Amino acid sequence: MQSALETSVRVRFAPSPTGYPHLGNIRTALFNCLFARHHGGKFILRIEDTDTARKVEGATEAILEGLQWLGLNWDEGPYFQSQRLPVYHEIIETLLETGHAYSCYCSPQRLEAMRQEQAKRKQPPKYDRRCRDLTQQERTSFETAGIARVVRFRTPLEGETTFCDLIHGPVTFKHDTLDDFVLLKSDGYPTYHLANVVDDHLMAISHVLRADEWLSSVPRHVLLYQALNWQPPQFAHLPMILGPDRAKLSKRHGATTITEYRRQGYLPAAMINFLALLGWSLDDRTELLSIEELMEHFSLERVGKTPAIFNRDKLEWMNGVYLRRLGHDEFVEEAMPFLDRDLPDSVGRPLDRAFVSRVLSLIQERAKTLGEVPELARFFFLSELQYDAGLLLSGKLDAQSAIGALTVAAQRLEEAATWDAAALEGILRPLATDLSFSTGKFFGLLRVAVTGCTAAPPLFQTMAVLGKEKCLKRLDTAVQMLSTDSN
RNA sequence: GGCGCAUUCGUCUAGAGGCCUAGGACACCUCCCUCUCAAGGAGGAGAUCACGGGUUCGAAUCCCGUAUGCGCUACCA
């Protein structure tokens with residue numbers, strides 16, 4: 001059963017294309033999307049591109065791509081604020097007419113000097129309201145002199161504004177701590193405060209879910225809604241996501257943009273699950289939830305208030321869980337592009353899908369990200385292995401006995417009629433005893449010879465996939481390496 | 001400097017006055033499984049619930065201070 005209010009839920013994700021979308025932005029998008037879906041409402045995408053100076057090329061595309069990749073599909077938009085300038089200008093006229101706003105002709109230089117002076121005197125930096133009560137005559141003379149203007153909000157000098165945040169509860173700000181903030185910049189673009197309020201109203205946004213850093217802007221927004229005679233939406237300020245050093249997430253923290261996680265081989269479902277748990281929880285034990293389950297259970301009441309430090313280890317673990325849960329064919333499908341991209345050029349393309357499939361069945365439970373699949377699977381594809389001969393002796397072996405063991409193994413293997421894991425084990429396990437080698441020592445030696453690594457998937461399965469020819473060749477190479485090495 | 005918000009294991013978190021000698025997860029350690037790795041299983045260590053005062057028979061939970069952190073304080077969002 002849904003109430004009328006629930007069906008009218010409309011939320012928006014309103015990023016600004018001044019940078020690539022990082023985890024914090026995406027988490028905000030996620031919570032908005034989950035909230036909308038949970039209540040059967042609409043999820044709207046709005047691009048807040050009102051800062052022409054800081055606009056980053058390609059950022060908008062990255063935002064759209066990131067959301068699509070994660071399956072955070074929006075119902076309306078994207079709307080672009082840069083295409084709605086006339087709308088804001090009209091509102092500005094109204095505000096000017098009703099006296100809630102005024103034109104300001106102060107130069108950026110004067111403002112800067114003023115702020116420095118205030119800082120020096122340990123005064124709160126605030127606009128000194130020089131233009132707040134200009135006469136019509138004064139304004140006209142500034143205009144005719146061609147001096148650029150901004151439009152500022154005429155903030156009430158006294159009183160206070162209280163609003164009830166859905167996550168934080170009631171919050172109060174005194175008006176005398178606010179200043180006359182800018183609504184319209186001299187380039188004709190609105191500031192965030194204006195555009196945000198105007199659009200939220202015109203787009204009938206019912207709930208504003210955004211990061212905590214906006215909390216102290218709410219009184220300005222509420223005052224604007226009142227000046228315009230509009231009903232403000234409900235506000236919910238989400239805890240922020242911090243880097244390991246407790247600072248705001250930035251490039252300094254390694255991968256931060258969502259596209260980078262995609263590139264490194266994280267699964268959308270894992271990203272969603274992980275992000276959802278940064279600031280929200282279902283109960284005291286559930287960690288793994290599908291997007292459908294999240295939509296079903298998400299609620300603002302269970303959103304925390306404390307900022308979260310993003311823990312990459314846990315993301316990796318979770319991604320590994322999702323990787324292992326994939327069906328074999330799905331895993332092959334997902335991993336294929338990564339192999340294509342990262343396997344050495346010397347490996348011929350296109351890759352043989354049947355072979356890749358066999359290889360990946362041994363890799364799937366060992367990878368935490370798709371990005372590490374090529375590295376884990378590398379030795380299956382190379383024609384020549386490159387490793388330090390000393391690795392062959394890592395089981396505390398001397399070169400002679402290693403050469404001996406390798407040679408006998410090669411002989412027995414040569415005679416093998418069938419080449420599958422069971423047959424190989426049938427040959428090699430008894431041979432260890434014959435050689436009076438511990439299985440650990442013997443299989444370890446063979447492993448290095450065959451893979452070039454001390455850690456790899458189980459030996460017999462690995463050899464089975466590798467094939468007889470390659471295995472024998474590698475055994476032979478190992479013997480040669482040890483022979484020349486000991487001379 | 002002003003204003004605002006926050007404060008439970010290293011990290012993510014459970015906890016809405018007695019169920020808490022504070023639960024779960026990641027990471028870490030030990031053991032089991034085992035040809036290595038991974039996965040899995042069983043244990044362990046890890047939080048005087050920031051600190052100090054109240055309120056109460058009883059507080060991680062309510063109130064007040066203090067400290068610390070973060071955010072805002074732009075013609076940035």
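Note on naming: letters A, B, ... go to the chains in the order of the sequence lines (proteins, then strands), and numbering restarts at 1 for each one. In this text, all values refer to a predicted model and were calculated from it rather than measured experimentally.
Contacts of Met240(A) with the nucleic acid, taken as non-hydrogen atoms under 4.0 Å apart, involve only primed sugar atoms and P, OP1 or OP2. Among the heavy atoms of the strands, none lies under 4.0 Å from Gly19(A). Residue-level contact check: Ser438(A) touches neither bases nor backbone, having no heavy atom under 4.0 Å from any strand. Lys122(A) comes within contact range of the sugar-phosphate backbone alone, with a heavy-atom separation under 4.0 Å but no base atom that close.
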Worksheet item: How does protein reach along nucleotides 72-77 of chain B, written 5' to 3' as B (base within reach of a heavy atom under 4.0 Å), S (only sugar-phosphate), or - (no contact)?
Response: SSSBBB
Practice prompt. Encode nucleotides 30-46 of chain B as B, S and - characters from 5' to 3', where the letter depends on protein heavy atoms closer than 4.0 Å: B to the base, S only to sugar-phosphate, - to neither.
Written response: -----BBBBSS------
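Among residues at least two apart or in separate chains, salt bridge (Lys or Arg N to Asp or Glu O under 4.0 Å) pairs with a member in residues 150-164 of chain A are Asp133(A)-Arg154(A). Within the structure, no pair that satisfies the side-chain hydrogen bond (donor to acceptor under 3.5 Å, both in side chains) test touches residues 430-448 of chain A, not counting sequence neighbours. Pairs passing the side-chain hydrogen bond (donor to acceptor under 3.5 Å, both in side chains) check and including a residue from residues 364-379 of chain A, sequence neighbours excluded, do not occur.
rA67(B) is paired with rU7(B) under the criterion used here, namely a Watson-Crick or G-U wobble arrangement in which both key atom distances are under 3.5 Å. For rU56(B), there is no paired base (Watson-Crick or G-U wobble, both distances below 3.5 Å). Nucleotide rC35(B) is matched to nothing when pairs are restricted to Watson-Crick or G-U wobble geometry with both distances under 3.5 angstrom. Figure legend. rA14(B) is base-paired to no nucleotide; pairs are counted as Watson-Crick or G-U wobble with both atom distances under 3.5 Å.
Side-chain atoms of Glu287(A) come within donor-acceptor range of the base of rG24(B), with a qualifying N/O pair under 3.5 Å.
Remark: Glu213(A) pairs with Lys248(A) by the salt bridge (charged side-chain N to carboxylate O under 4.0 Å, His left out) rule, at least two apart or across chains. With sequence neighbours left out, Arg12(A) forms a salt bridge (charged side-chain N to carboxylate O under 4.0 Å, His left out) with Asp200(A). Looking at residues two or more places apart in sequence or on another chain, you find no salt bridge (charged side-chain N to carboxylate O under 4.0 Å, His left out) involving Arg285(A). Take Asp313(A) and apply the salt bridge (charged side-chain N to carboxylate O under 4.0 Å, His left out) test, not counting sequence neighbours, and it matches no residue. Arg110(A) meets the side chain to side chain donor-acceptor pair (under 3.5 Å) test with Asp128(A); sequence neighbours excluded.
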Item to complete: Apply the test ring pair (Phe, Tyr, Trp, His ring centres under 6.0 Å) to residues His168(A) and His237(A): give CA-CA distance (whole Å), side-chain angles for both, the deciding distance (0.1 Å), then the verdict.
Response: CA-CA 7 Å; His168(A) 292 277; His237(A) 288 86; 7.0 Å; no
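To the nearest whole angstrom, the two P atoms, one in rC12(B) and one in rC3(B), are 29 Å apart.
Between Trp280(A) atom CH2 and rU13(B) atom P the separation is 12 Å, expressed in whole Å. In this entry the distance linking CZ of Phe310(A) with P of rA27(B) reads 14 Å, nearest Å. Rounded to whole angstrom, the span from the CG atom of Leu238(A) across to the P atom of rC12(B) amounts to 16 Å. The separation between Ile309(A) atom CD1 and rA25(B) atom P is 21 Å, rounded to whole Å. Remark: P of rU11(B) and CG of Leu315(A) are 18 Å apart, rounded to the nearest angstrom.
Candidate nucleotides rA14(B), rC26(B), rG4(B) were compared by shortest atom distance to the side chain of Val171(A), and rG4(B) ranks first.
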Polar atoms only, N or O, under 3.5 Å: list the protein pairs with nucleotides 6-8 of chain B and their distances.
{"residue": "rA6(B)", "atom": "OP1", "partner": "His168(A)", "partner atom": "ND1", "Å": "3.2"}

Below 3.5 Å, can you tabulate the donor-acceptor pairs from side chains in residues 301-308 of chain A to any protein atom, sequence neighbours excluded?
{"residue": "Arg302(A)", "atom": "NE", "partner": "Ser281(A)", "partner atom": "O", "Å": "2.7"}
{"residue": "Arg302(A)", "atom": "NE", "partner": "Leu282(A)", "partner atom": "O", "Å": "3.0"}
{"residue": "Arg302(A)", "atom": "NH2", "partner": "Ser281(A)", "partner atom": "OG", "Å": "3.4"}

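With a 4.5 Å cut-off on side-chain heavy atoms, Ser394(A) and Leu445(A) do not count as touching.
Contact check on Arg121(A) versus Glu117(A) returns a salt bridge, with a Lys/Arg side-chain nitrogen under 4.0 Å from an Asp/Glu carboxylate oxygen.
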